[in-house]
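Scroll down for the structure; my scribbles are underneath it.
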Amino acid sequence: MCYRIQSLLLITLFLAASAVAAPAQKSFSDWQVTCNNQNFCSARNTGLHQGLVMTLTRSAGAHTDVNLRIDLGSLARSDSHAPAIAPRLLVDGEPLILEKEKWQETPHHLVTDDAETINNLLETIGNANAITLTGGQGTISLAGLKAALLFIDSQQKRVGSETAWIKKGDDPPLSVPPAPALKEVTITNPTPTPFAQAELNDLLDYGTWRMNNSDCSLDPARREVRVFALSDDKALMLIGCEAGAYNVVDLAWIVSRQKPFVARQIHLRLPFMPESGSNDLELMNAGYDDLNKELITLSKGRGLGDCGMTSRWRFDGQRFRLVRYAQEPACDGWHGSGAWPTLWVTK
C-alpha cells in the first residue's frame, strides 16, 4: 500500500511538473542561457569572443540528451585560413586535452554528444577563467558558466539528482521530470484556392483604402499592400505603417475574400510572458511564408541582423497561434535569425 501511494505521488509530481514549462532567458556574466517551453536549454559564451564560441545544449528528462560544440566562426562562415583549433585550445594557458575518439572534428568545429565526455570537460574548466587559442585570436570567457549550468539544472529540476551538473545529489535520473507534451498547431487549409485576378485587384484596392485611412507615419511612397490567401474565404492583408532605421511596423487584418469586405485587425499575443513584461507583439518586418502557411515577424536589434526576435504564427481558422519564437539578446555577430535560441516551439 505504501509503495502504491509513493508511486501515485511520484506520478502526480511528474504530471504537475511536466504540464507546462515557462520559457526563460538569462545572462550570467559572459554566458547566456535560454530554455524553451519544452525545457530544452542552450547556453553559450557571449561578448568579446572574437569568433570562438562554446555552445552547450541539454534536453529535459532522465535521458542524457546533451551536446557540446566549440566553433571558431559560425557554421555559416569561418576563417578558412586559420589552423585547426583542437591542438591549439588552452585552459588558462595550459593545453586542453581532448579524447579524439569522442569528438567529431573538422578544422574549426568540434562537437560531442557523449555525456561523460561533456561532464569531464565541464569539471576541467569549471574553476578556470578562459579558453583561448595558441597563436590566434578567440576567447571563451568562463565567467558565469557555473551559474549558467546551475540555472539549467534548476529549470529542468535536476538539482539534487545524479544528473545535475552543479548541485548533484542521490536522487535517481527518473526523478527528473520529462519534457511537457509538445503542442500542435495544425494547418486548417494547406491548399487554399488561389486568387483570381479580379479578386486580387479588389483586395488590393480595399487595402489601399485601408492604408490611406490608417494613422501611419510611414512615407506613403514606402507603404505597400500585400495580400495572401489563408483559406477559400479569408485572406491576410499586410500594410507597412511605421519605420525606423532597420525595422518596419506593419498592420495586419484577416479579410473576407468577397465583397462586401469584412476585416478584423490582427493583434498578436504571446502565450507566455517575456522579459519585456508584455506579451503583446508588434508585427515587425512582417511577411508570410506561403509554403508553411505561417505569418512571420522579425524585430532586428541592429541593422546587421545578428540579434533581435523572430516569431512564426499559424492560422487555425479563427486566429493566428504561435508556432515558434526565438530571441537573441547578444549583439555579438555570432549568428543570424535562423539560428537564434528558441523560447517556444510546437509541432
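One is the number of the first residue; the rest follow in order along the sequence.
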Inspect the surroundings of CD in Q318 and state if more than 12 heavy atoms from other residues, nucleotides or ligands are less than 6.0 Å away.
no
Within the structure provided, determine whether V225 and W209 are in side-chain contact (heavy-atom separation under 4.5 Å).
no
Candidate pair W340 and T310, rule side-chain contact (heavy atoms from CB on, under 4.5 Å), full reasoning:
CA-CA 8 Å; W340 291 348; T310 182; 3.9 Å; yes
Among all residues two or more places apart in sequence or in another chain, which pass the ring pair (Phe, Tyr, Trp, His ring centres under 6.0 Å) test with W344?
F272
Before accepting this row, confirm whether a basic side-chain N of the pair R44/E328 lies closer than 4.0 Å to the acidic partner's carboxylate O.
yes
Gap between atom CE of M54 and atom CG of D71 - 0.5 Å precision
10.0 Å
Give the C-alpha distance, both sets of side-chain angles, the deciding distance and a yes or no for side-chain contact (heavy atoms from CB on, under 4.5 Å) between D290 and Y288.
CA-CA 6 Å; D290 198 43; Y288 189 70; 3.6 Å; yes
As an exercise, state the distance from CD of Q38 to CG of N36, rounded to the nearest 0.5 Å.
6.5 Å
Restricting to non-hydrogen atoms, name the atom on N45 and the atom on V53 that form the minimum distance, rounded to 0.1 Å.
OD1-CA, 3.3 Å
Using side-chain hydrogen bond (donor to acceptor under 3.5 Å, both in side chains), reason through N127 and K146 one step at a time and then give a plain yes or no.
CA-CA 8 Å; N127 293 314; K146 272 192 169 181; 2.8 Å; yes
I'd like to know if the side chain of R314 reaches the main chain of V185, judged simply by a donor and an acceptor atom lying under 3.5 Å from each other, with no hydrogens or angles considered.
yes
How about T163 and R158: does a side-chain donor come under 3.5 Å of a side-chain acceptor?
yes
Audit row: R210, W253, side-chain contact (heavy atoms from CB on, under 4.5 Å) steps and yes/no
CA-CA 10 Å; R210 273 280 179 187; W253 290 267; 3.6 Å; yes
With sequence neighbours left out, the residues meeting ring pair (Phe, Tyr, Trp, His ring centres under 6.0 Å) with F40 are none
Side chains of D114 and T112 only: does a donor on one sit below 3.5 Å from an acceptor on the other?
no
Nearest heavy-atom pair of A24 and F151: which atoms, and what distance?
CB-CZ, 3.8 Å
Do the side chain of R223 and the main chain of C216 share a donor and acceptor less than 3.5 angstrom apart?
yes
Consider side-chain contact (heavy atoms from CB on, under 4.5 Å). Of I140, D92, N120, I131, which one does I125 pass it with?
I131
For P192 versus K293, what's the shortest heavy-atom pair and its separation?
CD-NZ, 4.0 Å
Crowding at CG, D232 (>12 non-hydrogen neighbours, <6.0 Å)
yes
S141 and D30 side chains, donor-acceptor separation under 3.5 Å
yes
Without swapping roles, check the side chain of N285 against the backbone of L298 for a donor-acceptor pair under 3.5 Å.
yes
Is Y246 reaching over with its side chain to a backbone N or O of G301, donor-acceptor style, under 3.5 angstrom?
yes
Flag the pair V262 / V255 as yes when at least one side-chain heavy-atom distance between them is below 4.5 Å, and no otherwise.
no
Is any side-chain heavy atom of F315 less than 4.5 Å from a side-chain heavy atom of L295?
no
W165 six-ring centre to R58 NZ/CZ under 6.0 Å and within 45° of normal:
yes
Give a yes or no on whether the backbone of A164 and the side-chain of K168 come within a donor-acceptor separation of less than 3.5 Å.
yes
The single option from L283, T297, I296 that satisfies side-chain contact (heavy atoms from CB on, under 4.5 Å) with S311 is T297
With no hydrogens and no angle check, do the side chains of N67 and D113 hold a donor and an acceptor under 3.5 Å apart?
no
Can you name the residues that form a salt bridge (Lys or Arg N to Asp or Glu O under 4.0 Å) with R302, not counting sequence neighbours?
D306
Are more than 12 heavy atoms from other residues, nucleotides or ligands located less than 6.0 Å from atom CD of E242?
yes
For R312 and D289, which heavy atoms make the closest approach, and how far apart are they?
NH1-OD2, 3.0 Å
If we ignore angles and hydrogens, is there a donor and acceptor under 3.5 Å between the side chains of D65 and S59?
yes
Taking the side chain as C-beta and beyond, is there a heavy-atom pair between V66 and T57 under 4.5 Å?
no
Atom CG of L145 and atom CG of N129: how far apart are they, to the nearest 0.5 Å?
12.0 Å
Test side-chain hydrogen bond (donor to acceptor under 3.5 Å, both in side chains) applied to E123 and N119, step by step
CA-CA 6 Å; E123 287 184 14; N119 289 340; over 6 Å; no
May I ask you to check whether Q25 and T34 show a side-chain donor-acceptor distance below 3.5 Å?
yes
Output yes when E199 and R257 qualify as a salt bridge under the 4.0 Å nitrogen-oxygen rule, no when they do not.
yes
If you count every heavy atom of other residues, nucleotides or ligands that lies below 6.0 Å from N213 atom CG, does the total exceed 12?
yes
Under-4.0 Å salt bridge between K26 and E275:
yes
Note, V323 side chain near E294 side chain (heavy atom, < 4.5 Å)
yes
Might you confirm whether atom CD of E116 has over 12 heavy atoms from other residues, nucleotides or ligands at distances under 6.0 Å?
no
Going through the checks in order, is the side-chain contact (heavy atoms from CB on, under 4.5 Å) test met by R269 and H267?
CA-CA 6 Å; R269 174 161 290 191; H267 299 283; over 6 Å; no
Reported CE-to-CG distance for the pair M211 and L251, which is rounded to 0.5 angstrom
11.0 Å
Counting N and O atoms only, with roles assigned by atom type, does the side chain of S161 sit under 3.5 Å from a partner on the main chain of D171, one being a donor and the other an acceptor?
no
What heavy-atom pair brings A130 and T139 nearest, and what distance separates the two atoms?
CB-CG2, 4.0 Å
Would one find more than 12 heavy atoms of other residues, nucleotides or ligands at under 6.0 Å from atom CD of Q137?
no
Nearest 0.5 Å please: distance from the CZ atom of R226 over to the CG atom of L203.
15.0 Å
Nearest heavy-atom contact between V248 and G240 is CG1-CA, 4.2 Å
Donor-acceptor contact present, side-chain T342 to main-chain V345, <3.5 Å
no
Going through the checks in order, is the side-chain hydrogen bond (donor to acceptor under 3.5 Å, both in side chains) test met by D332 and H49?
CA-CA 8 Å; D332 60 357; H49 48 67; 3.0 Å; yes
Using a 6.0 Å cut-off, check whether atom CG of L182 has over 12 heavy atoms from anything other than its own residue.
yes
Can a salt bridge be assigned to the pair D153 and K167 using a cut-off of 4.0 Å between side-chain N and carboxylate O?
no
Gap separating the CD1 atom of I254 from the CZ atom of R264, nearest 0.5 angstrom
4.0 Å
Any donor-acceptor N/O pair, D219 side chain to A221 backbone, under 3.5 Å:
yes
Determine yes or no for a side-chain-to-main-chain donor-acceptor pair under 3.5 angstrom, with E282 supplying the side chain and L268 the backbone.
no
